[in-house]
Amino acid sequence: MNSWEDNIRKVVPYIPGEQPKQSDIIKLNTNENPYPPAPGVRKAMENMDLNLFRLYPDSNATPLVNALAAYHKVNPDQVFVGVGSDDVLAMCFLTFFNSQKPILFPDITYSFYDVWADLYRIPYERPQLDINFHIRPEDYDRENGGVIFPNPNAPTGIYEALDVVEDIIEHNSDSIVIIDEAYIDFGGESALPLLNKYENVIITRTFSKSRSMAGMRIGYAIGSSKLIGYLNDVKQSYNSYTMNQASLVLGVEGVKDDAYFKETLNKIIDTRDSVKAELRSLGFTVTESRANFLFASHNTVTAKELFAALKEGGIYVRYFDKPRIHNYLRITVGTKEEMDQLLDSIKNYINYKND
Ligand SMILES: *Cc1c(COP(=O)(O)O)cnc(C)c1O
């Protein structure tokens, strides 16, 4: 090896779910929303003033920040936006996790957290979820350099009640606690009201799942004006123009039309709950997911072979070859029709195996 190799930051990257090119597949592997974004998004796209593209965008993302502040009834100085919540979370790791003490997150969780920790050389520990995949709040009652967990958790879909979340916050007044609410719109109470009580809490959200805009890359954080100020300082020292002009315009439209938003959410929740019951009747153990995906393990067919068989038949789901969850599939909730085809394919495979 050449000696310059020693000076290179070497990382093991996060591996996103596949984005296959064929259009005839059923894509249930990356928790995208099967329904279109709010109708105003298309209209704004059609009326977009391309003169805006000639100029740099507003580095404070003011229109989008203001729209989100109004939507959540907080001050604009409590909102930070970024290129998907992955960008927001990466900025949070860089800004808030600067201790020699390890940060804490569950052993089974979003698989980007350990990647960012490694990238920024942040030490970390991963307390085990209990056998039902619930967080044990007492595990977070120890010295640490920060805490992060999603609620509902991924890829389990398990939701922790607000008193559990608050218990963790209460026992961590010397750290920043980040609650990743990527899936909260699909069920469960947000921790947003807790921001009135605690200055050391950050909540992150995304347009990628509930708002059907994964392709636009919009995410945000809400917290005390103090924490958001620190985030902005780091962002302005890194890349002033993270949000492009189109995302700023279309993001504002994406949070309008609450009636449409609730209608799509309810469709996904209804489909999720009926497919959960069907999977159970086919011999699956399925967690009580409060997200837009199901997490399921069959009593005879292994997750690995079922994943491969479904893929062969043009249905993509997600499989994680990791301890404790290697016999589970994470299945995004698609349209009713897509889920009917999934259930048919699963039934066929189980019958074929049992013959
Ligand atoms: C999908 C997801 C994100 C990232 O979403 P973006 O598309 O980057 O906004 C963050 N956290 C969790 C737990 C997710 O599942």
Side-chain angles (χ1 to χ4, degrees), residues 13-19 27-34 37 61 64 68 79-94 97 103 105-117 119 126 129 133 135 147-160 165 177-188 190-191 202-222 231 235 239 242-244 247-248 250-251 254-255 268 272 287 289-295 317-320 322 325 328-334:
Y14 171 77
I15 305 166
E18 283 178 87
Q19 294 291 127
K27 193 171 178 307
L28 306 173
N29 67 337
T30 53
N31 298 343
E32 289 140 332
N33 197 309
L64 184 56
L68 290 168
V79 179
F80 174 85
V81 295
V83 186
S85 56
D86 285 343
D87 177 49
V88 173
L89 287 163
M91 285 290 154
C92 287
F93 272 61
L94 186 58
F97 296 159
I103 62 165
F105 50 85
D107 63 335
I108 300 165
T109 194
Y110 187 37
S111 44
F112 225 137
Y113 297 160
D114 55 333
V115 174
W116 288 313
L119 173 65
R126 293 183 282 193
L129 297 175
F133 297 138
I135 288 177
V147 172
I148 180 164
F149 58 92
N151 197 32
N153 197 5
T156 61
I158 298 286
Y159 168 76
E160 302 298 344
V165 174
V177 178
I178 302 174
I179 303 152
D180 179 347
E181 291 191 340
Y183 299 103
I184 197 72
D185 292 321
F186 300 104
S190 169
I202 284 276
I203 293 168
T204 60
R205 295 280 188 99
T206 175
F207 280 50
S208 300
K209 280 86 184 217
S210 58
R211 296 201 179 271
S212 311
M213 290 175 77
M216 281 314 290
R217 311 305 301 129
I218 306 172
Y220 57 104
I222 305 182
L231 260 181
K235 181 215 128 170
N239 176 1
T242 52
M243 303 302 288
N244 67 63
S247 296
L248 292 179
L250 302 182
V255 282
I268 290 168
R272 176 189 73 201
T287 64
S289 172
R290 303 282 281 269
N292 69 334
F293 55 82
L294 291 161
F295 198 54
V317 298
R318 194 85 193 262
Y319 171 68
F320 299 94
K322 289 189 166 180
I325 57 169
Y328 279 83
L329 292 179
R330 192 196 68 188
I331 305 165
T332 304
V333 177

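Counting starts at 1 for both ligands and their atoms, following the listed order. Basis for what follows: all heavy atoms, side chains included, without hydrogens, waters or symmetry-related copies. Because the structure is a prediction, the values reported are computed rather than measured. Counting begins at 1 with the first residue of the sequence.
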*Asks:* Can you sort out the partners of Asn29 under side-chain hydrogen bond (donor to acceptor under 3.5 Å, both in side chains), two or more places apart, ordered by chain and number?
*Replies:*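 By the side-chain hydrogen bond (donor to acceptor under 3.5 Å, both in side chains) rule, Asn29 matches Lys27.
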*Asks:* At a 4.0 angstrom heavy-atom cut-off, what protein residues surround ligand 1?
*Replies:*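 If the criterion is a heavy atom under 4.0 Å, then ligand 1 touches Gly84, Ser85, Asp86, Leu89, Tyr110, Asp180, Ala182, Tyr183, Thr206, Ser208, Lys209, Arg217.
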*Asks:* Quick check: Phe133 with Tyr328 (ring centres under 6.0 Å apart)?
*Replies:*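 Yes, ring centres under 6.0 Å apart.
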*Asks:* Residues two or more places apart in sequence or in another chain: which of them pass side-chain contact (heavy atoms from CB on, under 4.5 Å) with Ser212?
*Replies:*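 With neighbours one apart ignored, the set is Asn33, Pro37.
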*Asks:* How about Tyr183 and Phe293: are their ring centres within less than 6.0 Å of each other?
*Replies:*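 Aromatic pair counts; centres sit under 6.0 Å.
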*Asks:* With Asp114, which residues qualify under side-chain contact (heavy atoms from CB on, under 4.5 Å), at least two apart?
*Replies:*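 Once residues adjacent in sequence are excluded, the partners of Asp114 under the side-chain contact (heavy atoms from CB on, under 4.5 Å) criterion are Phe105, Tyr124, Arg126.
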*Asks:* Once rounded to the nearest 0.5 Å, what's the spacing between atom CG of Asn153 and atom OG1 of Thr109?
*Replies:*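 That separation rounds to 4.0 Å.
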